[in-house]
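Each ligand, and each atom within it, is numbered from 1 in the order the structure gives.
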Amino acid sequence: MLHTLMTSAAVIVALGGAAMAETFDVQMLNKGETGRMVFEPASLRIAVGDTVKFIASDKGHNAESAAGMMPEGAAEFVGKINEEIEVTLTEPGFYGIKCKPHFAMGMVMVVAVGDETSAPDSFLEGRIPKKAKERFEEALNGL
Ligand SMILES: [Cu+2]
């Protein structure tokens, strides 16, 4: 009997842990508080295993992982234009995310997963349009 109770308690604790994973909303907007063509918020810190939901608040946007701006082992993702997507981020580190049609206009954001305080040196070393690089830097500073 005692053994059964202990097993049940362990199951409840395990389920409780999974239920604590959170979902964070990010809007894809033509115009936000920080300018035109933005993810809002543009900086987000979440826990390992949390989910980011990209919401197509305005038309013509998508959310996808930026090449070379993901932690090792993280799965790339590509959302379709005008579609809401949810991405669960399971590798700790920094994720650069872009809207493909508006990358050159700086429609990007950064999600930091876990406790790491600074992005790797390589994070901004790829081919990134000037405006996108500025917004990535602002997003990193906003974490
Ligand atoms: Cu866009």
E33 side chain reached by V38 side chain, heavy atoms, under 4.5 Å: no
Non-neighbouring partners of T90 that pass side-chain hydrogen bond (donor to acceptor under 3.5 Å, both in side chains), sequence neighbours left out: none
Hydrophobic cluster partners of V108 (side-chain heavy atoms under 4.5 Å): M69, F94, F103, V110, F123, L124, I128, F136, L140, L143
Other ILVMFWY residues reachable from F24 by side-chain steps of under 4.5 Å: V26, M28, M37, F39, L44, I46, V48, V52, F54, M70, F77, I85, V87, L89, Y95, I97, M105, M107, M109, V111, V113
Distance in Å, N30 CG paired with H61 NE2, rounded so as to fall on 0.5 Å steps: 4.0 Å
Minimum heavy-atom distance between E138 and S43, given as atom pair plus value: O-OG, 4.3 Å
Number of protein N, O or S atoms [distance to the Cu ion (ligand 1) under 2.8 Å]: 4
